Amino acid sequence: MRSLRFSTIGGAFLLLLLWACSGGPSADSLKHHSGYWEISGVEFPDGSRKSYPVNSTVEYFQWDGGVGYRKKVQPTLGGTFLTSDDALALEVAWRDSRLFLSFPRAADPWEEEVLELNENQLITRHSNGLQYEYTRYQPLTNPE
């Protein structure tokens with residue numbers, strides 16, 4: 001019977017390969033996080049789904065240096081947003097090569113794991129098991 005042994009370099013390469021193939025977000029993908037996102041769907045823990053083809057509000061995320069905020073805004077036909085002073089503080093953290101958005105100062109604190117993040121798509125899994133799918137918000141146009 002042969003035993004398998006990995007050299008330090010081979011083991012490190014294997015771990016890097018597994019991490020790269022995991023499909024999760026990279027540190028570089030964080031550059032896409034700030035901005036306006038529109039929810040397109042929710043997947044429930046039982047596998048059922050709910051689609052949101054039209055939304056009256058959009059999520060705005062802003063962060064810098066691992067901290068920031070999230071707030072709901074209402075787009076207008078003129079290309080601006082109606083908003084309030086309410087914003088939910090967020091913290092961005094990496095744990096075990098996984099990206100998390102934490103909301104520790106919310107009335108009922110929670111966190112979401114970022115499963116996918118690129119220029120046009122954001123998918124998070126809330127600590128309650130709900131998976132939220134967002135697409136990059138495209139401004140409303142006024143058909144003049």
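Hydrogens, waters and symmetry mates play no part in the numbers below; they use all other heavy atoms, side chains included. Remember, it's a predicted structure, so these values are computed and weren't measured experimentally. Position 1 is the first residue of the sequence; numbering continues from there.
Within the model, atoms CD of E112 and OG of S102 stand 9.5 Å from one another, a figure rounded to the nearest 0.5 Å. With rounding to the nearest 0.5 angstrom, the CD atom of E43 is 9.0 Å from the CD1 atom of I123. In this structure, CH2 in W37 is found 5.0 Å from CG in L122, a value given to the nearest 0.5 Å. Note: D64 CG to S34 OG = 8.0 Å, rounded to the nearest 0.5 Å.
Taking 4.0 Å as the cut-off between side-chain N and carboxylate O, R125 and E133 do not count as a salt-bridged pair.
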Starting from the C-alpha separation in whole Å, work towards a yes-or-no answer on side-chain contact (heavy atoms from CB on, under 4.5 Å) for V73 and T57. CA-CA 5 Å; V73 298; T57 61; over 6 Å; no
For R95 and E111, run side-chain contact (heavy atoms from CB on, under 4.5 Å): C-alpha distance rounded to whole Å, both residues' side-chain angles, the deciding distance at 0.1 Å, then the answer. CA-CA 12 Å; R95 289 195 311 271; E111 72 178 9; 2.7 Å; yes
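Side chain of N128 to main chain of L130: a donor-acceptor pair is present (N/O by atom type, distance under 3.5 Å, no hydrogens or angles). Using modelled atom types, no side-chain atom of W110 and backbone atom of A106 make a donor-acceptor pair closer than 3.5 Å.
Within the structure, the salt bridge (charged side-chain N to carboxylate O under 4.0 Å, His left out) test picks out the following pairs touching residues 50-63 (sequence neighbours left out): E59-R70, E59-K72.
Not counting sequence neighbours, P109 has no partner by the side-chain contact (heavy atoms from CB on, under 4.5 Å) test. With sequence neighbours left out, the side-chain contact (heavy atoms from CB on, under 4.5 Å) criterion links D108 to no other residue. Partners of Y134 by ring-ring contact (aromatic ring centres under 6.0 Å, His included), not counting sequence neighbours: none found. Applying the side chain to side chain donor-acceptor pair (under 3.5 Å) criterion to S48, with sequence neighbours excluded, gives D46. By the ring-ring contact (aromatic ring centres under 6.0 Å, His included) test, F44 is found to be paired with no residue, residues two or more places apart in sequence or in another chain being considered. Residues passing the side chain to side chain donor-acceptor pair (under 3.5 Å) test with Y60 are Q62, sequence neighbours excluded. With sequence neighbours left out, E38 forms a salt bridge (charged side-chain N to carboxylate O under 4.0 Å, His left out) with no residue at all. Here F81 pairs with Y36, Y137 under the ring-ring contact (aromatic ring centres under 6.0 Å, His included) rule; sequence neighbours left out. With sequence neighbours excluded, the residues that form a side-chain contact (heavy atoms from CB on, under 4.5 Å) with V67 are E91. Remark: R136 engages no residue in a salt bridge (charged side-chain N to carboxylate O under 4.0 Å, His left out) (not counting sequence neighbours).
Between P75 and S56, the shortest heavy-atom distance links the atoms CD-O, 3.6 Å. Shortest non-hydrogen contact noted between L117 and L99 is CD2-CD2, 4.5 Å.
A continuous path of Ile, Leu, Val, Met, Phe, Trp and Tyr side chains, each step under 4.5 Å between heavy atoms, connects F103 with Y132, placing both in one hydrophobic cluster. No continuous path of ILVMFWY side-chain contacts below 4.5 Å connects F61 to F100, so the two sit in separate hydrophobic clusters.
Inter-residue side-chain proximity for T135 and Q121 is flagged as unmet; no heavy-atom pair is nearer than 4.5 Å. Side-chain contact between L101 and V92: present, with at least one pair of heavy atoms (C-beta onward) separated by less than 4.5 Å.
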Atom pairs and distances, side-chain donor-acceptor, residues 82-89, under 3.5 Å, sequence neighbours left out:
residue: T83; atom: OG1; partner: K71; partner atom: NZ; Å: 3.3
residue: S84; atom: OG; partner: D86; partner atom: N; Å: 3.1

